[in-house]
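Note sheet for the following structure.
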Amino acid sequence: MPANKNAETRYQILDRLLANRYYHYSTKDLLERINEELDELSIEPICLRSIQGDISYLENGPFQADIEHYQIDVPSQKNPRKTVKKNCLRYRDRSFSIYQQKLTDDEKYLLGEAFTLLGQFDGLPNLEGLDRLKVSLKVKSKRQIVSFTKNPLEGNSLFGELFTAISQKQVIEVHFHKFDSPKEDRTVIVHPYLLKEYNRRWYLIAGADDSGNLLTLALDRMDGFEPLPDYRYIDYDGNLGERFEDIVGVTLYENRPVQTIVFWVSDRSCEYVATKPIQESQTPIRGEREAALRDKFPMLEGGLFFYIECIENYELLRELTSFGADLIVLSPEDIKMKVIDKIKGMCKKYDLLGK
């Protein structure tokens, strides 16, 4: 066993990297990744000779790890049109680990409950190996307790494959099309971060490899993707969840400000809006501020006043207009006018139908 705790930490990191089938690691790649994780743990970095010694210990020490040494072709840094050989290494058996441990009965039970819940996502593809793992753990099917809305991705493995790409931090080249030009193949290289559902449609939130800008790609417009194991994955710098706290839906804009939007909801719809907020920041307006609004807008009888703080996007305007006359935007002026323009556009189309 290792002589010190730092060596044990290195072996844990190295064991995980050698078991990873989604990257082709050279010895130098392994050294770089290990030093990155050691730095996060405030542990001194190691040199190339040390990593070579660690690999030798795994192969020839008490673990007797069967490490496969192989080569792949990669673009030459000097001339991208040519390829050179890259020496890589990994565990020959993808299921091997020097830290394999048997699950306790309690752990098996908890995993069984998790599998039962996963199986209730109607329409989502099973993740690769899920059924095999259920069999190996002897997990029995249980009655349904929670039911989810059926998803339109039924029979499509794209969700599971993207899930894997995100969890393994793989850069991917996505092939997609626009609805108005379905035969025109478009491609983009992205760093995938998040799968997000909105209004029964799934989206991939990813960073563009060329600009770093966040992209929102609808899965039903994707024709497929290819992993790029030789690209270095770049994590999102910040809290992606916080970005979605400021919007309705999934459309993100880099430079739009957060606005305070005040609106009134009729008696018929106020309980619905109160219990199913339009946006996370939604807050009812009470006290003196409510009294001032009722004095200013006496024509709005009953109902409740609310405000939200969010960034304008298509989904916000769609939500605000979806209640018709039961929801009236009061401020700011630019949001109010955009809602009015959308309603006027609808009225013009209905007028044409009546003629």
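This structure is a prediction, so every number in the text was calculated from the model and none was measured. Sequence positions, counted from 1, serve as the residue numbers for this chain.
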Distance-only criterion, 3.5 Å: show the donor-acceptor pairs between side-chain atoms of residues 38-52 and protein atoms not counting sequence neighbours.
none

Heavy-atom distance under 4.5 Å between the side chains of [X] and [Y], does that happen here?
X      : Y      : value
Arg92  : Ile67  : no
Leu252 : Ile247 : yes
Cys270 : Trp264 : no
Asp15  : Phe63  : no
Leu30  : Ile55  : yes
Leu304 : Val265 : no

With the 4.5 Å side-chain cut-off for hydrophobic clustering, are [X] and [Y] part of the same group?
X      : Y      : value
Leu327 : Ile285 : no
Ile340 : Val262 : no
Leu194 : Val171 : yes
Ile234 : Tyr231 : no
Ile261 : Phe323 : yes

Closest heavy-atom pair and its distance - [X], [Y]:
X      : Y      : result
His175 : Thr187 : ND1-CG2, 3.1 Å
Ala325 : Ile328 : O-CD1, 3.9 Å
Leu158 : Leu219 : CD2-O, 3.6 Å
Asp54  : Arg10  : OD2-NE, 2.7 Å
Pro192 : Ala206 : CA-CB, 3.7 Å
Ile278 : Glu319 : CG2-CB, 4.2 Å

**Request:** Determine, step by step, whether Leu162 and Ile172 satisfy the side chain to side chain contact (heavy atoms under 4.5 Å, CB included) criterion, reporting the C-alpha distance in whole Å, the side-chain angles of both residues, the deciding distance to 0.1 Å, and the verdict.
**Result:** CA-CA 9 Å; Leu162 287 170; Ile172 58 176; 3.7 Å; yes

Tabulate below the donor-acceptor pairs under 3.5 Å that side-chain atoms of residues 310-317 make, not counting sequence neighbours, or state none.
from	atom 1	to	atom 2	distance (Å)
Glu312	OE1	Lys338	NZ	2.9
Glu312	OE2	Lys338	NZ	2.8
Asn313	OD1	Glu315	N	3.4
Asn313	OD1	Leu316	N	2.9
Asn313	ND2	Val248	O	2.8
Asn313	ND2	Thr251	O	3.0
Asn313	ND2	Glu315	OE1	3.4
Glu315	OE1	Thr251	OG1	2.9
Glu315	OE2	Val250	N	2.9
Glu315	OE2	Thr251	N	3.1
Glu315	OE2	Thr251	OG1	2.9

**Asked** Is the side chain of Gln282 donor-acceptor paired with the backbone N or O of Val273 at a distance under 3.5 Å, no angle test?
**Response** yes

**Prompt:** Does Gln168 use its side chain to pair, donor to acceptor, with the backbone of Gln170 at less than 3.5 Å?
**Reply:** no

**Request:** Start with the C-alpha distance between Phe225 and Val190, add both sets of side-chain angles, then the distance that settles side chain to side chain contact (heavy atoms under 4.5 Å, CB included), and finish with yes or no.
**Result:** CA-CA 10 Å; Phe225 71 90; Val190 299; over 6 Å; no

**Prompt:** Residues in side chain to side chain donor-acceptor pair (under 3.5 Å) with Asn239, at least two apart?
**Reply:** none

**Request:** Just jot down the side chain to side chain donor-acceptor pair (under 3.5 Å) partners of Asp230, sequence neighbours excluded, or say none.
**Result:** none

**Item:** Selection residues 294-309 - residue pairs positive for side chain to side chain donor-acceptor pair (under 3.5 Å), sequence neighbours left out
**Value:** Glu290-Arg294

**Request:** For residues 205-217, pull every pair meeting side chain to side chain donor-acceptor pair (under 3.5 Å), keeping only residues two or more places apart or in separate chains.
**Result:** His191-Asp209, Ser211-Asn213

**Asked** Of Arg90, Glu32, Lys86, Arg33, which meets side chain to side chain donor-acceptor pair (under 3.5 Å) against Tyr25?
**Response** Arg33

**Asked** Near Gln77 CD, under 6.0 Å, is it more than 12 heavy atoms from other residues, nucleotides or ligands?
**Response** no

**Asked** Within a radius of less than 6.0 Å around NZ of Lys342, do more than 12 heavy atoms belonging to other residues, nucleotides or ligands occur?
**Response** yes

When rounded to the nearest 0.5 angstrom, what is the spacing between [atom1] in [X] and [atom2] in [Y]?
X      : Y      : atom1 : atom2 : answer
Leu320 : Ile308 : CG    : CD1   : 5.5 Å
Met222 : Phe176 : CE    : CZ    : 8.5 Å
Asp220 : His177 : CG    : NE2   : 7.5 Å
Lys196 : Leu204 : NZ    : CG    : 13.0 Å
Leu352 : Lys348 : CG    : NZ    : 9.5 Å
Met346 : Thr321 : CE    : OG1   : 6.5 Å

**Message:** Suppose the criterion is ring pair (Phe, Tyr, Trp, His ring centres under 6.0 Å): which pairs have a residue in residues 236-261, not counting sequence neighbours?
**Reply:** Tyr193-Tyr236

**Item:** Trp202 and Phe159 aromatic centres sub-6.0 Å
**Value:** yes

**Request:** Examine Phe305 together with Phe297 and report whether their ring centres are nearer than 6.0 Å.
**Result:** no

**Message:** Who clusters with Tyr70? Use side-chain heavy atoms, under 4.5 angstrom, across I, L, V, M, F, W and Y, and order the result by chain and number.
**Reply:** Ile72, Val74, Val84

**Prompt:** Which residues pass the ring pair (Phe, Tyr, Trp, His ring centres under 6.0 Å) test with Tyr91, sequence neighbours left out?
**Reply:** Phe96

**Message:** Among residues at least two apart in sequence or on other chains, which ones pass ring pair (Phe, Tyr, Trp, His ring centres under 6.0 Å) with Phe263?
**Reply:** Phe306

N/O donor-acceptor pairs under 3.5 Å from side chains in residues 329-336, not counting sequence neighbours:
from	atom 1	to	atom 2	distance (Å)
Glu333	OE1	Lys336	NZ	3.3

**Request:** Any salt bridge (charged side-chain N to carboxylate O under 4.0 Å, His left out) involving residues 260-271? Give me the pairs, sequence neighbours left out, ordered by first then second residue.
**Result:** Arg268-Asp326

**Prompt:** Will you find, in the side chains of Asp29 and Ser26, an N or O donor that is under 3.5 Å from an N or O acceptor?
**Reply:** yes

